[in-house]
There are 2 protein chains.
Amino acid sequence: MNTTIKDIARLCDVSITTVSRVLNNKTESIGAQTVKKVQHKIDELGFRPNLIARRMITRQSHTVGLVIPDIRNPFFSEFARGVEDHMNNQDYGVFLCNTDSSLEKEKQYMTILQGKLTDGIIFTTQNKLESSKSFDDFIKNKFPIVLVERYLEGIDDVPGIYVDNKGGAADLCRFIISRGHQDIACITGPLQTTNARLRLEGYKEALLEAGIKINEQIIIKGNYRYGSGRDGMKNLLDNNKTKFTAVFACNDMMAFGAFETLEKYGLKVPGDISLAGFDNIPFPEVFRPQITTVDLPAYNMGEKSAEMLMKIIKKEKLSDIRFQYSLDVVDKGSVDFLKV
Amino acid sequence: MNTTIKDIARLCDVSITTVSRVLNNKTESIGAQTVKKVQHKIDELGFRPNLIARRMITRQSHTVGLVIPDIRNPFFSEFARGVEDHMNNQDYGVFLCNTDSSLEKEKQYMTILQGKLTDGIIFTTQNKLESSKSFDDFIKNKFPIVLVERYLEGIDDVPGIYVDNKGGAADLCRFIISRGHQDIACITGPLQTTNARLRLEGYKEALLEAGIKINEQIIIKGNYRYGSGRDGMKNLLDNNKTKFTAVFACNDMMAFGAFETLEKYGLKVPGDISLAGFDNIPFPEVFRPQITTVDLPAYNMGEKSAEMLMKIIKKEKLSDIRFQYSLDVVDKGSVDFLKV
DNA sequence: CTGAAAGCGCTAACAC
DNA sequence: GTGTTAGCGCTTTCAG
């Protein structure tokens, strides 16, 4: 049997209320002697109050759920750390849920998290259709939730944080164009997802604005994974009849994959082909290749979403129900001036 | 007000016991009609039982704590994923705690986790003295815990999983020696930690066994961080009078740092200097440099520790109280045959 | 087959 | 200053 507040009370010859008060630092109205006596016993026995019981009464779990596709993805581990650090400062804990973006797992976790296990949820997903099914309950129940880069059609009153995918992609492409490139290929993300579509839109916007015609032949569909970058590049090199001098891969992983192919074909980056990605996955600076990219402020986004969630939980007013980060291009030298 | 089991009972005109039974699938002894009626109401209202209340009674949280230094470190995110996957299969959740190896944070988290929030803890730490202070309570309380690569002096009845640091380092150095190298420098980890000491011991063992004299001049103290690899290498190159043809950095991050310096000095790896690390941090294969290293099976270790912890929680018998992984060298070509 | 009642360990009015 | 008491929402004997 575990020691409880009752045991302490008995041992100290006081009521459980008194013990409870000491435990909660409500000592203003208790004799200094009593406090000391009780505290001493608590320390002596190494007694820890049962938080579950406390939570039952106070009706808050002091925990939030963090639902992400995969903690091994550097973006999400950065993000998670941002969440945890902020929550930790507020005396909140984090319950980790990896879903692999599987609808099944997402639902399963959501159900558990709703069971009073958490006071709120930060939810991210990727690589799949933007359905709102998993959220119906949450939205109905008004369960505190913050969405991260999740675009729900027809629903705009759910708090969320977003990045300016379109603007970032456009800026990056403008940068490429400013180096003299006109024939710029694109390896897209999975176009069922809004953020992949937005990046593609940004690409098109920048080209059109520069008076460059969109050539669908050099727009290859990928899925944000390494392999699809590698294969997409192969495809571009083997089957395509249009020339191109630069490639915009819609995320870094695909850019790395594309690089593998370029290297295999004996093409230099930059020099023969310029290459750019998106995400700014953090690697040591000595690593090669270094690919020009667009930075996603993962840690900040984690902190920000934690901050928003806390406000919702504490019923404070949100300044913006949706927050959008603008994105910066990070020049790492993989895009150079076009030689004439 | 939230719906509770009581509401369902009232609405269905049955007792709360009956509702509880339906909720827990103990329907053998209930009329099919009743079950249907109750289940229907539950679905209709989207009712979810309060898990906190349930936990209070059943006295188990179905959650484990995962205490790690930093989820952003690829080793720990792999590890964490292994833990989560195993726990998930057992219907257990994971409560994430980043400590930055700070004693303060560790204690803070431990206290919370012990407060019945979790049924057990998986604990890892690094970069500091192996004191048992944080654990006194746990060990006294017999709180289920699994240590990961944490060596506690004088305590050997606490379950833990370990890797064969000494053997791995020795094998790696034997590999280097087998390529003809005799003058092998070493950049160590922080020697207050047991695992850094063990890696150094492995290095020495391999050299001695090959009849090579240990030269303390080319053993540089590092701290497992990138910067200390970079600076250690500089130190080795600038101030040291003994020649060396290979360097064993006691982890990959330091090896990458060392590589930065070598590159800056115009030295080729391999060719001019052979270089090896430890950990096998996962990066895409296109990346350069690729450093020969010793693989740490992070994901497996996560799964294994989760498995051990579950056995302890369920009071099943552990086959071994301590489990040790043997380690394999991964040749990535950064160590070549010594030119004569 | 079903229900009444006793708690789990704690907090929070409300008394004294 | 301190104690009594009534729950929080659920599970679980034990009766019927």
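Note: hydrogens, waters and symmetry copies are ignored here, and every other heavy atom, side chains too, is used. Bear in mind that the values here come from a model prediction, so they are computed numbers and not experimental data. Below, chain A is the first sequence line, B the second, and so on; all start at residue 1.
Atom NZ in Lys36(A) sits about 14 Å away from atom P in dT2(D), given to the nearest Å. Per the geometry, NZ belonging to Lys116(A) stands 24 Å off P belonging to dC8(C), to the nearest Å. Atoms NE2 (His62(A)) and P (dT11(C)) sit 12 Å apart, rounded to a whole Å. Between the CD1 atom of Ile16(B) and the P atom of dC8(D) there is a distance of 11 Å, rounded to whole Å. Note: NZ (Lys37(A)) to P (dG1(D)) measures 15 Å, nearest angstrom. For the pair Gln60(B) CD and dC8(C) P, the computed distance is 17 Å after rounding to whole Å. One atom, CG of Asp7(B), and another, P of dC10(D), lie 9 Å apart when rounded to the nearest Å. Here dC10(D) presents its P atom at 10 Å from CD1 of Ile42(B), a figure rounded to the nearest Å.
For Thr4(B), counting side-chain heavy atoms from C-beta on, the closest listed nucleotide (dC8(C), dC10(D), dG3(D)) is dC10(D). When distances run from any side-chain atom of Phe47(A) to the nucleotides dT12(D), dG3(D), dC10(C), the shortest one goes to dC10(C).
In terms of phosphate contacts, Thr34(A) brings a side-chain nitrogen or oxygen within less than 4.0 Å of OP1 or OP2 of dT2(D).
Applying the side-chain hydrogen bond (donor to acceptor under 3.5 Å, both in side chains) rule to Asp91(A) yields no partners; only residues at least two apart in sequence or on another chain are considered.
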Can you give me every donor-acceptor pair (side chain of residues 17-34 of chain A, partner residue at least two apart or in another chain, under 3.5 Å) with its distance?
residue, atom, partner, partner atom, Å
Thr18(A), OG1, Ser15(A), OG, 3.3
Asn24(A), ND2, Ser20(A), O, 2.8

Ignoring hydrogens and angles, write down the donor-acceptor pairs under 3.5 Å from the side chains of residues 65-78 of chain A, residues two or more places apart or on other chains.
residue, atom, partner, partner atom, Å
Asp70(A), OD1, Arg72(A), N, 3.0
Asp70(A), OD1, Arg72(A), NE, 3.2
Asp70(A), OD1, Arg81(B), NH1, 3.0
Asp70(A), OD2, Arg72(A), NE, 3.2
Asp70(A), OD2, Arg72(A), NH2, 3.2
Asn73(A), OD1, Phe75(A), N, 2.8
Ser77(A), OG, Pro74(A), O, 3.2

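Less than 4.0 Å separates DNA chain D from at least one heavy atom of each of the following residues of residues 50-58 of chain A: Met56(A), Ile57(A). Non-hydrogen atoms lying under 4.0 Å from DNA chain C are contributed by Ser20(A), Asn24(A), Lys26(A), all within residues 20-33 of chain A.
Proximity of Lys116(A) to Leu51(B): side-chain heavy atoms (C-beta onward) are nowhere separated by under 4.5 Å.
Put simply, the side chain of Glu149(B) gets close to the backbone of Val163(B): a donor and an acceptor are under 3.5 Å apart. When atom types are taken as modelled, the side chain of Tyr325(B) and the backbone of Asn300(B) share a donor-acceptor pair closer than 3.5 angstrom. In this structure, the side chain of Thr3(A) does not engage the main chain of Phe47(A) through any donor-acceptor pair within 3.5 Å.
For the atom pair SG (Cys12(B)) and NE2 (His40(B)), the distance works out to 10.0 Å, reported to the nearest 0.5 Å.
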With side chain to side chain donor-acceptor pair (under 3.5 Å) as the test, would you mind laying out the steps for Tyr109(B) and Asn98(B) before giving the verdict? CA-CA 9 Å; Tyr109(B) 269 127; Asn98(B) 289 295; over 6 Å; no
Side chain to side chain donor-acceptor pair (under 3.5 Å) between Asp119(A) and Tyr92(A): does it pass, once the steps are laid out? CA-CA 10 Å; Asp119(A) 296 343; Tyr92(A) 263 68; 3.0 Å; yes
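If one axis is set at each end of the helix from dC1(C)-dG16(D) to dC16(C)-dG1(D) from five pairs, those axes are 40° apart, to 10°.
A cation-pi geometry, defined here as NZ or CZ lying under 6.0 Å from the six-membered ring centre and within 45° of its normal, holds between Lys304(B) and Phe323(B).
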